[in-house]
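Heads up, the thing below is written out as structure tokens.
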Amino acid sequence: MSPRGNAAVVGGGLAGISAALALLEAGVRTTLYEARPRLGGATHSFDRDGLTVDNGQHVFLKCCTAYRGLLERLDALDFVRVQDRLDIPVLTPDGTAGRLRRAKAPGPLHLLPALARYRLMPPGDRLRAVRASLALQGIDPQDPALDGQAMGAWLAAHGQRERARTALWELFLISALNIGVDDAAMGPAAMVCKQGLLGRSDAADIGVPTVPLGELHGVLAAKRIERLGGRVHLKAKVSAVEAGPKLVVDGEPVAADAVVVAVPHRAAAPLVPAQACPDRDRWAGLGASPIINVHVVYDRPVMDVPFAAAVDSPVQWVFDRTDISGLADGQYLAVSVSAADGWIDTPAADVRAAFLPALERLFPAARRARVTDFFVTRERHATFRQSPGSGALRPASATRLPGLFLAGAWTDTGWPDTMEGAVRSGLTAARLVRRHLDGVSGR
């Protein structure tokens, strides 16, 4: 395949990796620049006393077709495990447990048996939840009018009482959107419900990595890019993107036929020129929503399922990380807490004082176990804040400067700020780069 020009990708997260791979596969000479010493962006790993620790627990759903396509490109499908069918144990501190397991029926009927038997909601709330789900079927998540509405108000208007909100809707939406339902924009919330829960029967089957994220998104991605003939420059600081287009990398100008800026909005705004994105100052309005992960290592097993959700507890989701971390004895649990505004600045000692008793209430075996390690990881800017009005602030991939394109889960992907959204943004940017290069060459 004859070369189709050269492209530079700024940012080595999932958006930048996806853009680089798609461009290389299309015959575009591509160089990826990443300021950190690793690829993977917001999904990475580190070592702690012999354990391999992911900065946070990341999962995907079977409906995340672009992300699964990335795994296939990386030859990494064997490094994830996807449920045969959606099956979530839901725990409470008083010992009452529920289970959300889909039936083998076409969507949206596949969830009706699970709702009918869901012990954590009264029968009347279960029926009202079915009615609200049917009402969601008639909503177009891409309707711009929904951007100004909050999901919580819609749920209240459709009969969803407090118990249904905490035991069902928040269970899914807080983890998917990283914001509480009262503050979540209706558009992305409806999209999550329709795409994941009310679409194809297998759409919400959960997938989890079986290797550390640093290997999955970092090492494997770098190897694949280089195998395709691309170049990866780590610890490479891009300080500006200028007309031409050209970059300033570590103080030196670098020319390119096209540039993809695939960094978070707070980093992209000062990077791109004003003539390319006159509204770049508005991107600050996207804000940030934090996530914390609480990591607990016990001297013995305390949880007998791969993961579980919880309600009426500071614990939201908890995952068994024992094997993936390389722990030889005991059990390593990671608690993922989304929309963690109230926890992000809390000292680790106070987090420990809240979460260890909470885990003991969910897992009685933990009361007899000894904690051998406890630590907290914090992602202050885990996602943008997907609140009403945020959709109008998300820019398209194309800019006003020929040859310059944006990527990132914060751009207008049609998806929430997720791994799937990041990959889709990279693919969109790559498609626009190819179109631009073909136009320049007269093809």
Inset, instruction - Output, in order, the C-alpha distance, side-chain angles, deciding distance and verdict of side-chain contact (heavy atoms from CB on, under 4.5 Å) for Val302 and Val296. - result: CA-CA 11 Å; Val302 301; Val296 188; over 6 Å; no

Legend entry - side-chain contact (heavy atoms from CB on, under 4.5 Å) assessment of Val272 paired with Leu406: CA-CA 9 Å; Val272 301; Leu406 303 175; 4.1 Å; yes

Inset, instruction - For side-chain contact (heavy atoms from CB on, under 4.5 Å), just list the numbers for Tyr332 and Asp373, CA-CA rounded to whole Å, side-chain angles, deciding distance to a tenth of an Å, and then say yes or no. - result: CA-CA 9 Å; Tyr332 165 20; Asp373 197 8; over 6 Å; no

Inset, instruction - Given side-chain contact (heavy atoms from CB on, under 4.5 Å), test Gln57 with Arg321 step by step and report yes or no. - result: CA-CA 9 Å; Gln57 178 65 49; Arg321 303 279 306 175; 3.0 Å; yes

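Residues Leu234 and Leu39 come closest through the heavy atom pair CD2-CD2, 3.8 Å. The shortest non-hydrogen separation linking Ala255 to Lys246 is CA-CB, 4.0 Å. In plain terms, the two heavy atoms of Ala204 and Leu61 that are nearest each other are O-CD2, 3.5 Å. Between Leu136 and Cys193, the shortest heavy-atom contact is CD1-CB, 3.8 Å. Among all heavy-atom pairs drawn from Ala258 and His436, the shortest one is CB-CD2, 4.2 Å. Residues Gly214 and Asp54 approach most closely at N-OD1, 4.4 Å, considering heavy atoms.
Inspection of the His233 and Thr31 side chains reveals no N or O donor paired with an N or O acceptor under 3.5 Å. Side chains of Thr43 and His58: a donor-acceptor N/O pair is absent below 3.5 angstrom, by distance only. Side-chain contact, Glu379 with Asn55: a donor N or O sits under 3.5 Å from an acceptor N or O. Donor-acceptor pairing under 3.5 Å is recorded for the side chains of Gln160 and Trp169. For the 3.5 Å distance criterion, the side chains of Gln386 and Asn178 fail to qualify, holding no donor opposite an acceptor.
Ile344 places a side-chain heavy atom less than 4.5 Å from the side chain of Ile292. With a 4.5 Å cut-off on side-chain heavy atoms, Leu393 and His265 do not count as touching. Residues Leu359 and Tyr298 form a side-chain contact, since some pair of their non-hydrogen atoms from C-beta on lies under 4.5 Å apart. The shortest distance between side-chain heavy atoms of Thr383 and Ile179 does not fall below 4.5 Å. Side-chain atoms of Ser325 and Val53, non-hydrogen and from C-beta on, never get closer than 4.5 Å to each other. Inter-residue side-chain proximity for Lys194 and Gln137 is flagged as met; some heavy-atom pair is nearer than 4.5 Å. Looking at Val351 and Val294, their side chains come closer than 4.5 Å, going by heavy atoms from C-beta outward. Using a 4.5 Å cut-off on side-chain heavy atoms (C-beta onward), Phe60 and Val80 make contact.
Without hydrogens or angle criteria, His110 side chain to Leu197 main chain gives a donor-acceptor distance under 3.5 Å. Here the side chain of Arg102 pairs a donor or acceptor atom with the backbone of Ser201 at under 3.5 angstrom. Without hydrogens or angle criteria, Lys62 side chain to Gly207 main chain gives no donor-acceptor distance under 3.5 Å. At distances below 3.5 Å, at least one donor-acceptor pair connects side-chain atoms of Thr399 with backbone N or O atoms of Leu404. A side-chain donor-acceptor contact under 3.5 Å links Trp410 to the backbone of Val263. Remark: the backbone N or O of Ala167 is paired with a side-chain donor or acceptor of Tyr118 at under 3.5 angstrom. Formation of a donor-acceptor pair under 3.5 Å by the Gln83 side chain with backbone atoms of Ile206 is found in this model. Ser338 places no side-chain N or O within 3.5 Å of a backbone atom of Ile291 that could act as its donor or acceptor partner. Judged purely by atom type and a 3.5 angstrom limit, Arg38 uses its side chain to pair as donor or acceptor with the backbone of Gly41. In this structure, the side chain of Thr30 engages the main chain of Val28 through a donor-acceptor pair within 3.5 Å.
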Please tabulate, for the side chains in residues 70-79, all donor-acceptor contacts under 3.5 angstrom to protein atoms that are two or more places apart in sequence or on a different chain.
unit_1	atom_1	unit_2	atom_2	d
Arg73	NE	Glu25	OE1	2.8
Arg73	NE	Glu25	OE2	3.0
Arg73	NH2	Glu25	OE1	3.0

For a quick test of your reading: what N or O donor-acceptor pairs under 3.5 Å do the side chains of residues 420-430 make, sequence neighbours left out?
unit_1	atom_1	unit_2	atom_2	d
Glu420	OE1	Ala66	N	3.3
Glu420	OE1	Tyr67	N	2.8
Glu420	OE2	Thr65	N	3.4
Glu420	OE2	Ala66	N	3.0
Glu420	OE2	Arg424	NE	2.7
Glu420	OE2	Arg424	NH2	3.2
Arg424	NH2	Thr65	OG1	3.4
Ser425	OG	Gly408	N	2.7
Ser425	OG	Gly408	O	3.4
Ser425	OG	Ala422	O	2.7
Thr428	OG1	Arg424	O	3.0

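Taking CG of Asp183 as the reference point, atom OG of Ser289 lies at 9.0 Å (rounded to 0.5 Å). Interatomic distance, Asp143 CG to Met186 CE, rounded to the nearest 0.5 Å: 10.0 Å. Interatomic distance, CD of Gln275 versus CD of Glu242, reported as 9.5 Å (0.5 Å rounding). The distance from the OG1 atom of Thr52 to the CD1 atom of Ile324 is 9.0 Å, given to the nearest 0.5 Å. Atoms CG and SG, from Leu271 and Cys277 in turn, are 10.5 Å apart once rounded to the nearest 0.5 Å. Put simply, CD on Gln195 and CZ on Arg200 are 10.0 Å apart, with the number rounded to the nearest 0.5 Å.
Ionic pairing of Arg394 and Asp147 is not present here: no N-O contact between side-chain nitrogen and carboxylate oxygen is shorter than 4.0 angstrom. A salt bridge is absent between Arg378 and Asp345; no separation between the charged side-chain nitrogens and carboxylate oxygens falls under 4.0 Å. Residues Asp87 and Arg99 are paired through a salt bridge, judged by an N-O separation under 4.0 Å between the basic side chain and the carboxylate.
Open room surrounds CG on Asp323; 12 or fewer heavy atoms of other groups in view lie less than 6.0 Å from it. Enclosure of atom CZ in Arg231 is not indicated, since only 12 or fewer non-hydrogen atoms of other residues, nucleotides or ligands lie within 6.0 angstrom. In Arg85, the CZ atom is crowded: over 12 heavy atoms of neighbouring residues, nucleotides or ligands sit closer than 6.0 Å.
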